[in-house]
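Note sheet for the following structure.
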Number of protein chains: 2
Amino acid sequence: MRDGPDISRIANLVGDPARANMLTALMDGGALTASELALEAGVTAQTASSHLGKLMEGGLLSLAAQGRHRYYSLAGPQVAAMLESIIGVAAAVGPQRTRPGPRDAVMREARICYDHLAGEHAVAMLDGFLARGVLIADGDEIRLGKSGPPHFAAVGIDTEAFRKQRRPICRACLDWSVRRSHLAGALGAAILDKIIAEKWARREAESRAIVFSPKGKMAFEKAFLA
Amino acid sequence: MRDGPDISRIANLVGDPARANMLTALMDGGALTASELALEAGVTAQTASSHLGKLMEGGLLSLAAQGRHRYYSLAGPQVAAMLESIIGVAAAVGPQRTRPGPRDAVMREARICYDHLAGEHAVAMLDGFLARGVLIADGDEIRLGKSGPPHFAAVGIDTEAFRKQRRPICRACLDWSVRRSHLAGALGAAILDKIIAEKWARREAESRAIVFSPKGKMAFEKAFLA
DNA sequence: CTCATACTTCGACGCTAATCGAACCGTCCG
DNA sequence: CGGACGGTTCGATTAGCGTCGAAGTATGAG
């Protein structure tokens, strides 16, 4: 009845909550294992496997098998752009139903995004890193600047050790609330670890929100924003 | 488990074939009645009404009630852009499954889009109209040029009669195969009517493809491309 | 008023698809 | 080797949704 490519087939793939969660978790361009994606989506491994199969068949994901791990990632920037635009519509249209309460304000300020910090503080932090040359934006990628390693070593984060991992050290991750990038990757994860370890902030129960203590916030700003 | 707006809710709305057809039919920015959309989607009026209700609740459509007609249109350019990007992914990913056979080549060349001509011939025709000033592009809209009415009157199409209808005379409709606009609206429908009435071309059975006869093609080009 | 048209609501049917338990293939490690 | 772990496949259950027939509401025409 209609011409053109099968748009509903693609949209239907994104239309399932579990699959949508998986896709958004991959939006930073990274690769995650099937188990990680199952956890992210909040479903069991079998269910996740079924979903991943459908996403593969639909051409939205690409797969890199390494040993007994299978790393899934988005099939390309076009897919990421599509998800972006859907998020845009959902954000423009969604507020009608989820009224922004105090919890949401906290979420906007600081929260956990997979394993790193997100929200206004995270965006400000990345801005600061880039402004001071601690990190350098290289197109889509982010690299350590010359002053990077000593800067992080001063607060007890060994960037040299990251190089041994397969995981990229720095990665930009789009922040839905601020609409700009924050820092993901191994370094982003290490910074979050430090925030938790130093007890500068604590996780809200049953939520992804992060609440800084007054003293913790000052220490955090001194360490990463100065 | 995940932050941000409810992306799966939006995608799910587009994920149904009937709804996807309705949305793509509205992608030219025009407004269509509930009955027209039902026809476009290939479902009954009741089913269409149910779908339209969901699309409204989801914030993807806006509604203008006029008498006993209810004109639905996309809620905004953001929605259109989202659909664009989904179409882009579907087109990039789809070809793997529907290999382009001879039937598809015919479809690309000429086919019916609701009630008007689409495909390469249709795009070339609109290009010609605009180049010669028969039609004038006015931003997103298309109007009749000064030479328009006599030009169409010469082939037996009375553009004056169109003015009595509520339906817009000219409308641009995005062509999925050529990725540029072709002519829709009352004038587009009248041209297709003439093509069929003069037996310049015939409809393929069970398909939306249109096949021109050699003589018919010459007559068509003489009438609309000269 | 009566009839026709445009559209929505109600109710019931059928089918798809999401989900999980359990069993089945691999790979890594001791 | 054998055991642990990561992933997928199979099967069965269940819930949700799309679909249409029929009835209901509103608008317009004669």
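If you're wondering where the values come from, they're calculated on a predicted model, not measured in any experiment. Within every chain, numbering begins at 1; the chains are lettered A, B, ... in the order of the sequence lines, protein sequences first and strands thereafter.
Atom CG in L39(B) sits about 16 Å away from atom C1' in dT5(C), given to the nearest Å. When the C1' atom of dT8(C) is taken as reference, atom NE2 of H51(B) falls 14 Å away, rounded to whole Å. Rounded to a whole Å, the CD atom of Q46(A) is 11 Å from the P atom of dT8(D). Put simply, NE2 on H69(A) is 13 Å from C1' on dC29(C), counting in whole angstrom units. The interatomic distance linking E57(B) (CD) with dT8(C) (C1') rounds to 15 Å, in whole Å. Rounded to whole angstrom, the span from the CG atom of D16(A) across to the P atom of dT16(C) amounts to 17 Å. Atom NZ in K54(A) sits roughly 7 Å away from atom C1' in dA18(C) (whole-Å rounding). When rounded to the nearest whole Å, the span between CZ of R9(A) and P of dT16(C) equals 16 Å.
Looking at F224(B) and L183(B), their side chains never come closer than 4.5 Å, going by heavy atoms from C-beta outward.
Without hydrogens or angle criteria, R19(A) side chain to S8(B) main chain gives no donor-acceptor distance under 3.5 Å.
Ring orientation note: the planes of H151(B) and F129(B) are nearly perpendicular, at an angle over 60° on the 30°/60° scale.
Residue A34(A) is in sugar-phosphate contact alone, with no base atom involved, counting any heavy-atom pair closer than 4.0 Å across all strands shown.
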Stepwise side chain to side chain contact (heavy atoms under 4.5 Å, CB included) test for E36(A) and Y72(A): CA-CA 10 Å; E36(A) 288 171 318; Y72(A) 290 92; over 6 Å; no
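When the nucleotides dA22(C), dC20(D), dT8(C) are ranked by their closest atom to the side chain of Y72(B), dT8(C) comes out on top. Set against dC20(C), dT9(C), dG6(D), the side chain of S49(B) has dT9(C) as its closest nucleotide.
Residue T47(A) places at least one side-chain N or O closer than 4.0 Å to OP1 or OP2 of dC20(C). Dashed line: the shortest gap from a side-chain N or O of R70(B) to OP1 or OP2 of dT27(D) is not under 4.0 Å.
Annotation for A25(B) and E40(B): closest pair CB-CG, 3.3 Å, computed over non-hydrogen atoms.
Toward the 5′ end of DNA chain C lies the nearest nucleotide of A45(B), the other residue of the pair N12(A) and A45(B) mapping further downstream.
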